[in-house]
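All figures in this text were calculated on a predicted structure; none of them were measured in a lab.
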Amino acid sequence: MLESSVRLPVSPRAGRFLVLAGVFVCAACGLVYELELVALAAYLIGDSVTQASVVLSVMVFAMGIGSLLAKRLRRRAALWFGVVEAALALVGGCSAMALYAAFAWTGDQGEVWAGGSRYLLVAFSLAIGVLIGAEVPLLMVLIQRIRRQDAGGAVADLFAADYVGALVGGLAFPFLLLPMFGQLTGALFTGAVNALAGGALVLGLFGRDLSARGRWVLVGANITVLAVLASAAVLVDDFERAARRAVYGADVRVAVQTDVQEVVLTGGRRRSLDLFLDGRLRISGRDEDRYHRGLVRPAMRGPHARVLVLGGGDGLAAREVLRHPGVRRVDVVELDAGVVGLARHDPALSELNGHAYRDRRVRVVHAEAFHWLRSARERYDVVISDLPDPGITASAKLYSQEFYGLATRVLAPGGRLAVHAGPVSVRPRAFWTVEVTLRAAGLKTVPYRVGGRRSGFAAGPDRTSQGARAPRDWGFVLASRTRPVLLRAAGSEVVRAGMRSAEPTRVAGLPASTLVHPRYAN
């Protein structure tokens with residue numbers, strides 16, 4: 001039988017307020033842990049929709065398990081609530097570092113470890129969900145022991161504090177924790193707040209109701225957790241540098257977190273330069289020239305006085321455009337000002353792009369391509385779509401029928417649109433979905449591909465940061481209102497019906513990708 005009252009150092013009204021304040025803080029910390037797992041998993045593993053679904057569904061399931069398990073802990077609710085909060089602070093606070101470590105040091109060790117980050121993500125989601133689920137039943141016992149009230153009223157008060165705390169945690173994560181601390185330190189800081197709030201609530205409010213042994217257990221547990229979190233916070237910079245070397249190699253020169261993504265530059269010479277965006281290789285100096293020649297040159301066969309480059313903040317597509325006589329203006333629409341800043345000022349990258357941003361014909365607009373096209377009034381002879389791979393969920397709308405409809409509106413009569421459509425050999429279905437979607441937008445298309453050097457890595461977003469080899473070809477689609485003529489460019493191989501007939505079961509009858517029904521997946 002549960003005790004009906006507890007000796008409090010404050011009035012019952014103040015005690016009830018302190019319990020609800022503890023619920024508020026713990027709920028905010030719990031939601032931060034969830035968002036931290038979602039954000040880090042999307043960055044490390046990719047496909048943000050899938051990762052968010054996995055984390056949230058597993059965590060909600062685990063919360064139900066935790067609620068059931070907490071039924072057995074109600075007789076010593078105060079002690080067990082303190083233990084649960086200390087464990088949650090430790091597990092949640094260290095989750096980001098553990099996931100990053102698994103990604104960095106086991107991601108390239110073969111099939112046994114290939115899914116290590118995914119398994120660890122599920123394990124942390126389960127553990128954090130169980131601990132969060134155990135909170136409310138224990139708090140329900142504590143608040144009833146302070147002052148008896150009907151069950152419905154107690155549940156309403158607890159959930160009100162819980163939901164408001166979740167709101168604050170959800171807003172604090174993107175607008176406060178990430179900008180100020182980053183993902184790793186932000187999780188550690190949240191864990192420290194969680195441990196302090198849980199320990200202070202139990203020891204300060206219910207300490208008289210605990211045995212001497214119970215008080216010492218909680219004090220020792222919280223001191224240990226805070227010591228671990230503080231030590232990790234002190235070492236987090238060294239840890240991040242070591243993990244980054246494990247992921248990108250020893251020659252990392254630049255690593256910055258912009259407002260949009262993490263940008264990493266490795267190597268210092270033209271042929272050794274690699275540019276990673278959010279862990280994915282976008283540019284390799286070994287063979288980026290073939291990629292950009294294949295993307296740009298076929299579209300430049302015809303009028304090309306005014307050219308629009310969507311994406312391509314590295315300046316390499318603009319470099320290829322500027323090599324053609326007769327170009328009078330090049331507009332580059334790039335969301336990430338940090339990438340453009342590196343392309344302007346980093347010695348190796350600016351040399352690689354031929355100092356394209358020094359050319360007075362180049363104008364840069366920092367905007368999201370989809371929204372910029374909605375208000376664009378200019379007309380262009382050539383539009384180059386040098387955007388992230390369509391398999392990345394966040395970029396799916398930039399390969400939608402609506403997006404290509406907007407791009408068509410800015411094409412001058414006889415204008416041509418060149419689209420990077422992903423790796424042909426690895427993801428043929430995605431490649432042909434791009435082609436089908438362009439045709440659904442009312443354009444005539446010619447698909448083609450360009451082979452990379454056998455000794456190098458493919459440029460573009462088709463190689464993960466763990467060093468897996470990329471496909472040795474890049475797929476593109478040339479489109480216009482009238483059927484475009486594809487003249488063979490250096491290093492390119494035209495792909496027409498032969499490619500389509502080679503995959504009849506995978507490409508026949510493919511639907512177009514739209515905003516409300518994207519057809520691309522990792």
Side-chain angles (χ1 to χ4, degrees), residues 14-41 52 55-56 58-60 62-64 66-67 70 78 80-97 99 124-140 142-143 154-205 221-222 225-226 228-230 232-233:
R16 184 172 173 275
F17 171 79
L18 290 174
V19 170
L20 294 178
V23 174
F24 171 87
V25 174
C26 293
C29 294
L31 194 65
V32 169
Y33 299 143
E34 293 182 30
L35 296 176
E36 184 72 43
L37 288 178
V38 170
L40 196 59
V55 170
L56 297 179
V58 170
M59 195 166 287
V60 170
M63 287 168 64
S67 296
W80 281 112
F81 179 76
V83 172
V84 164
E85 291 309 303
L88 182 58
L90 181 64
V91 174
C94 296
S95 59
M97 289 187 73
L99 275 174
F124 273 111
S125 300
L126 278 170
I128 292 173
V130 167
L131 294 169
I132 291 175
E135 289 177 334
V136 171
L138 297 175
L139 286 166
M140 182 71 174
L142 295 178
I143 201 169
V155 169
D157 291 341
L158 284 174
F159 278 107
D162 186 79
Y163 293 152
V164 174
L167 170 66
V168 172
L171 295 177
F173 177 70
F175 298 115
L176 182 64
L177 292 175
L178 279 183
M180 289 184 61
F181 301 111
Q183 289 182 322
L184 302 184
T185 306
L188 295 170
F189 176 80
T190 304
V193 171
N194 198 165
L196 289 171
L201 177 64
V202 174
L203 294 171
L205 194 59
N222 280 279
V225 169
L226 290 172
V228 170
L229 295 175

Are any side-chain N or O atoms of Ser67 and backbone N or O atoms of Gly133, one a donor and one an acceptor, separated by less than 3.5 Å? yes

For the residue pair Val58 and Ser125, what are the closest heavy atoms and their distance? CG1-CB, 3.7 Å

Do Ile128 and Ile132 have side-chain heavy atoms sitting under 4.5 Å apart? yes

Might you point out which heavy atoms bring Val38 and Ala52 nearest each other, and give the distance in Å? CG1-CB, 3.8 Å

Gap between atom CG of Leu40 and atom CZ of Phe124 - 0.5 Å precision: 10.5 Å

CG/Leu226 to CG/Leu196 distance, rounded to the nearest 0.5 angstrom? 5.0 Å

As an exercise, state the distance from CG of Leu56 to CG of Leu37, rounded to the nearest 0.5 Å. 9.5 Å

Results of side-chain contact (heavy atoms from CB on, under 4.5 Å) for Val164 - residues two or more places apart only: Phe24

Non-hydrogen atoms of Val91 and Ala127 that approach each other most closely: CG1-CB, 4.2 Å

Least distance between heavy atoms, Val84 atom then Ala134 atom: CG2-CB, 4.4 Å

Can you tell me which residue pairs pass the salt bridge (charged side-chain N to carboxylate O under 4.0 Å, His left out) test with a partner in residues 17-41, sequence neighbours excluded? none

Are Val23 and Val136 side-chain neighbours, meaning at least one heavy-atom pair lies under 4.5 Å? no

CG of Leu158 to CD1 of Ile143, rounded to nearest 0.5 Å, is 4.5 Å

Side-chain contact, heavy-atom cut-off 4.5 Å: Cys26 with Phe81? yes

Atom pair CG/CG of Asp162 and Leu139 - distance to nearest 0.5 Å: 9.0 Å

Quick one: side chains of residues 166-194, donor-acceptor pairs under 3.5 Å with protein atoms, not counting sequence neighbours, listed by atom name and distance.
residue: Thr190; atom: OG1; partner: Gly186; partner atom: O; Å: 2.8
residue: Asn194; atom: OD1; partner: Tyr33; partner atom: OH; Å: 3.1
residue: Asn194; atom: ND2; partner: Glu85; partner atom: OE1; Å: 2.7

